[in-house]
Amino acid sequence: MKAAVSLALAAAAVHAAPAAAFLPPLRNQFLPRLAGIGDPGHVALTFDDGPNPLSTPHFLRLLDAQQTRATFFVLGSQVARAPGLAREIADAGHELGVHGWEHRCLLRYGPRRVHDDLARACEVIEQASGHRPQWIRAPYGVFSTSALMAAHRLQLEPVLWTCWGFDWTAQATGPSVLRTVLKDLRGGGTVLLHDSDHAASVGSWRSTLAALGPLLEVCARRGLRVGPLADHAVRPVSVMVAQARRLDPGVQVGRGFHAGLR
Ligand SMILES: [Zn+2]
């Protein structure tokens with residue numbers, strides 16, 4: 001159980017996939033804020049690894065047609081290459097969160113490098129979009145203690161996901177992405193998808209795009225509102241820590257973890 005609140009344990013999860021969950025069921029149970037669990041009548045829709053001029057505009061068009069807003073966890077280096085696209089995302093009413101400067105596991109870097117990379121990413125996002133990012137999702141979902149400390153200093157809220165589409169592989173299809181998301185989708189959940197193949201199989205975003213319309217339909221049928229993390233009302237960290245302690249009074253919430261989540 002203590003392992004569930006140690007955010008530095010995820011080294012083994014670092015592989016080629018653009019996202020890696022460490023102990024997702026435990027995470028959802030014990031770290032609801034980190035998992036992005038919020039308003040039970042709402043689903044937070046999030047996209048990682050963009051912006052990408054080839055793929056992101058397709059998502060923006062579909063979301064606009066569906067009058068749906070989302071949170072885009074962007075890479076600073078990608079925003080630097082396409083600042084106009086980052087502005088377009090923000091102007092369409094979507095949120096921009098930080099996904100790092102480059103798509104590299106943050107465990108590779110020391111405290112100073114992590115902080116400088118995240119600060120640089122925040123700056124380029126703010127310059128391009130006019131908005132200071134509020135959220136951070138580390139590449140591969142792997143937060144080191146240094147990353148959490150840096151996030152705290154930069155006033156970024158770490159958030160992962162409760163379900164994903166496994167949409168980054170060459171084998172993914174629209175139906176497979178939809179099926180995978182729906183397997184774990186509940187009201188209050190946070191969905192991880194990718195609007196870019198930057199760290200995935202070439203063209204994999206097309207499967208994600210194919211799944212998006214049907215996913216929004218299912219949510220509407222279930223009476224679930226879909227929107228960005230800003231509208232998701234994630235529970236305060238005090239509730240989260242109290243819950244973890246109730247379940248295991250001996251649980252140690254590390255300094256980096258506690259500070260990182262405020
Ligand atoms: Zn990613």
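One-based numbering, in listed order, for ligands and for the atoms of each.
- Within the 2.8 Å limit, D48 places no N, O or S atom next to the Zn ion (ligand 1).
- Between the T190 side chain and the A44 main chain, no donor and acceptor come within less than 3.5 Å of each other.
- Inclusion of H103 in the first shell of the Zn ion (ligand 1) is supported: an N, O or S atom falls under 2.8 Å.
- Heavy atoms only, all atoms of each residue included: G203 and D197 are closest at N-OD2, 2.7 Å.
- With sequence neighbours left out, the side-chain hydrogen bond (donor to acceptor under 3.5 Å, both in side chains) criterion links Q66 to no other residue.
- The Zn ion (ligand 1) has an N, O or S atom of H99 closer than 2.8 Å.
- Per residue D49, closest N, O or S atom to the Zn ion (ligand 1): atom name OD1.
- Applying the salt bridge (Lys or Arg N to Asp or Glu O under 4.0 Å) rule to pairs touching residues 178-190 yields nothing, sequence neighbours excluded.
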